[in-house]
Amino acid sequence: SFHFLQHQNLQQTIMTTFKKLTIFLFLSICLSSSWANTTLHDDFLECLSHKIMNSSSISQVIYTPKNSSYSTLYNSFSSNLRITSDFKPSIIFTPNNESQIQAAIYCSKKHGLQIRIRGGGHDYEGLSYISETPFVIIDLRNLRSISIDTEDKTAWIQAGATLGEVYYRIAEKSKQLAFVAGVCPTVGVGGHFSGGGYGMMSRKFGTAADNIIDAKLIDANGRILDRKSMGEDLFWAIRGGGGTSFGLIISWKVKLLDIPEKVTVFNVTRTLEQNATQLVYKWQHIANKVDDNLLLRIFLRSSESSFQHGQRTVHAFFTTMFVGGVDDLLHEMQDSFPELGLVKEDCIEMSWIESILFFVGFPRGTSIDVLLDWNNSTYQTGFFKGKSDYVQRPISINGLEGIWKLFNQVGEYSTELQFSPYGGKLSDISESETPFPHRDGNIFMIHYGVNWREMESSNKHLSWIRNLYGYMARYVSKSPRAAYFNYRDLDLGVNNKGNTSYEQARIWGVKYFKNNFDRLVKIKTKIDPTNFFRNEQSVPPLVS
């Protein structure tokens, strides 16, 4: 029996060696193209082959330029053609489980490869999928499970899931539960929740981050941490401070919210000829003070007037969610904003999940199955730049008219401003409760967006939005001029390459996080002192 065991052990050793050799040969073939830093990436993949023993498994989660599907996968990362880079990842890694992520972090750290973490791909500046240093993308598309507990009114959501999938799975289980987060269903929850997460019910329920009760994160040492093991400081940091500065978030546990079976929505349009300027001016005086169940948002666009042929006008779309019935909504609107002239025929009662489709712009009666199509063709490719601001005093009539004039300097339909109201629950929470600091004192947030179709027009449109942003300086928050982290904007400042200084990062950091930035830096110094998790706008550690 001793000789039999010896023979069995020898067989096992041979099989293990054969598995490793098979995996390494597969990875070597993948990297046979002439890439700079080939040795670095070879080393990384050899390391990964030792960490992940299943050869069939690893072949399904590694993509290199030699793979036929590499370009398709990489090009799916963003519909924003403005985000381009001569530096593409030599490896795209799509892990199926936590242990594979741990392996990738270990090997990246060992061999000096930077990682970028991609969820939904809506990062405004592409920081989840471009870098000027050798890097690997960890794409979380395979980690998208959602577990709903209707009795406990909670959900565990993996970071690769999209908002549309979250909404669908909640509605599938209950008509009385919901969650508060953004409008666009293709946004990934990993980044969205960690940056705040404003949505059409935020005046009643706060941000997505305000409703997170636990999380799982892998740190730079490969440890899997939950709220208890990570501690309250780190748990605080990832709820509004941007998760990718501190680790790789695997999943969130959120508190689900009680919702009536019917909510009420409307989308009423007014043009300049219909007194839009006065209405927008009046809106500023009531938007943050109305009933907490009411979120009255404005979308501003410029196009040809139907009243004056050949002339441009501004369209103000008053887009609204009311957590309640139509009669209560009409009563509230009559009390607070009668100038809009809202009538019952403008309003639609529907379920919460139907309101998700309404705000995306799907026709009434569209199946909610569309929320599961995370590469929905509704989202066209093009060039885009976004910026943000916070308004604490109403913009004057002259100020608004100045915006309308600037609209005329670019093509029809190419720009949009969103005025998103604050107040309610958003103002009830203190600035330091989470890193998301935009609380009491803000009337509304502005989102500036400009789109164009041709590369040749890029300089014109980028100059236009930066000029508009300059014009708005007198009307928005100051010291600092605040911005929303989820509307990432590299114009605000970027880190130095490598290990940036605190002073350099503070230039942009206080705009997103205000006084919370210093606490974020201290937490970063403790959890990731070598700055393994980094990008152009990541929180840096203090260098001793």
Side-chain angles (χ1 to χ4, degrees), residues 119-120 144-159 161-185 187-217 226-228 230 232 234-243 249-260 263 292-295 321 323 352-353 355-356 359 420-440 445 484-486 513 516:
R144 55 198 318 124
S145 74
I146 300 163
S147 177
I148 310 289
D149 185 335
T150 55
E151 287 190 17
D152 198 33
K153 297 182 182 179
T154 60
W156 271 106
I157 304 165
Q158 284 192 310
T162 63
L163 296 183
E165 290 169 333
V166 173
Y167 299 152
Y168 181 95
R169 296 303 174 198
I170 295 171
E172 188 179 44
K173 294 284 188 178
S174 171
K175 292 181 179 179
Q176 281 86 40
L177 293 174
F179 191 67
V180 59
V183 168
C184 181
V187 168
V189 304
H192 183 70
F193 289 8
S194 71
Y198 179 97
M200 292 300 293
M201 299 191 297
S202 283
R203 296 194 67 254
K204 183 170 180 64
F205 296 118
T207 66
D210 294 331
N211 293 282
I212 292 168
I213 55 178
D214 203 344
K216 286 185 180 178
L217 169 146
D226 62 8
R227 179 175 183 171
K228 184 177 180 180
M230 76 175 71
E232 287 302 304
L234 182 52
F235 184 63
W236 174 87
I238 61 176
R239 290 176 296 135
I249 293 164
I250 311 165
S251 56
W252 301 104
K253 186 179 185 182
V254 302
K255 176 178 62 179
L256 300 180
L257 308 165
D258 293 312
I259 197 86
V263 300
D292 293 359
N293 290 301
L294 176 59
L295 193 145
M321 168 77 153
V323 184
W352 164 72
I353 194 65
S355 78
I356 298 296
F359 292 121
S420 299
Y422 273 55
K425 182 77 169 181
L426 290 165
S427 297
D428 293 342
I429 298 170
S430 73
E431 286 192 4
S432 59
E433 181 72 19
T434 69
F436 178 91
H438 314 294
R439 302 295 184 175
D440 194 29
M445 171 178 64
Y484 179 31
F485 185 71
N486 278 355
F513 307 118
N516 294 326

Going by the rule ring pair (Phe, Tyr, Trp, His ring centres under 6.0 Å), which residues pair with [X] if we only count those two or more places apart in sequence or in a different chain?
X: Phe205; result: none
X: His438; result: Tyr390, Phe436
X: Tyr167; result: Trp352
X: Phe485; result: Tyr512, Phe513

Is the shortest side-chain heavy-atom distance between [X] and [Y] below 4.5 Å?
X: Leu177; Y: Asp258; answer: yes
X: Pro260; Y: Val323; answer: yes
X: Leu295; Y: Pro421; answer: yes
X: Lys216; Y: Arg227; answer: no
X: Ile212; Y: Phe235; answer: yes
X: Thr434; Y: Ile429; answer: no
X: Met201; Y: Ile259; answer: yes
X: Val183; Y: Met200; answer: yes

Please round to the nearest 0.5 Å and tell me the distance separating atom [atom1] of [X] and atom [atom2] of [Y].
X: Ile170; Y: Thr150; atom1: CD1; atom2: OG1; value: 11.5 Å
X: Lys153; Y: Glu151; atom1: NZ; atom2: CD; value: 11.0 Å
X: Leu163; Y: Phe179; atom1: CG; atom2: CZ; value: 9.0 Å
X: Lys255; Y: Asp214; atom1: NZ; atom2: CG; value: 13.5 Å
X: Ile353; Y: Lys175; atom1: CD1; atom2: NZ; value: 12.0 Å

Where [X] and [Y] come nearest, the two heavy atoms and their spacing:
X: Ala155; Y: Leu256; result: CB-CD2, 4.1 Å
X: Met321; Y: Ser355; result: CE-OG, 3.7 Å
X: Ile146; Y: Arg169; result: CD1-CG, 3.8 Å
X: Glu165; Y: Arg144; result: OE2-NH2, 2.9 Å
X: Ile238; Y: Trp252; result: O-CH2, 3.4 Å
X: Trp236; Y: Ser432; result: NE1-O, 3.0 Å

Main-chain N/O of [Y] paired with [X] side-chain donor or acceptor, under 3.5 Å:
X: His192; Y: Gly182; answer: yes
X: Tyr484; Y: Gly196; answer: no
X: Asn211; Y: Val254; answer: no

Going by the rule side chain to side chain donor-acceptor pair (under 3.5 Å), which residues pair with Asp210 if we only count those two or more places apart in sequence or in a different chain?
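Asp210 satisfies side chain to side chain donor-acceptor pair (under 3.5 Å) with Thr207, Arg439 only.
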Partner set under side chain to side chain donor-acceptor pair (under 3.5 Å) for Ser202, not counting sequence neighbours:
none
For side chain to side chain contact (heavy atoms under 4.5 Å, CB included), just list the numbers for Phe193 and Ile157, CA-CA rounded to whole Å, side-chain angles, deciding distance to a tenth of an Å, and then say yes or no.
CA-CA 11 Å; Phe193 289 8; Ile157 304 165; 4.2 Å; yes
Could you tell me whether Lys253 and Asp226 make a salt bridge, using a distance below 4.0 angstrom between a side-chain N and a carboxylate O?
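So Lys253 does not pair with Asp226 through a salt bridge.
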Mind running side chain to side chain contact (heavy atoms under 4.5 Å, CB included) on Asn486 and Val187 for me, showing each step along the way?
CA-CA 11 Å; Asn486 278 355; Val187 168; over 6 Å; no
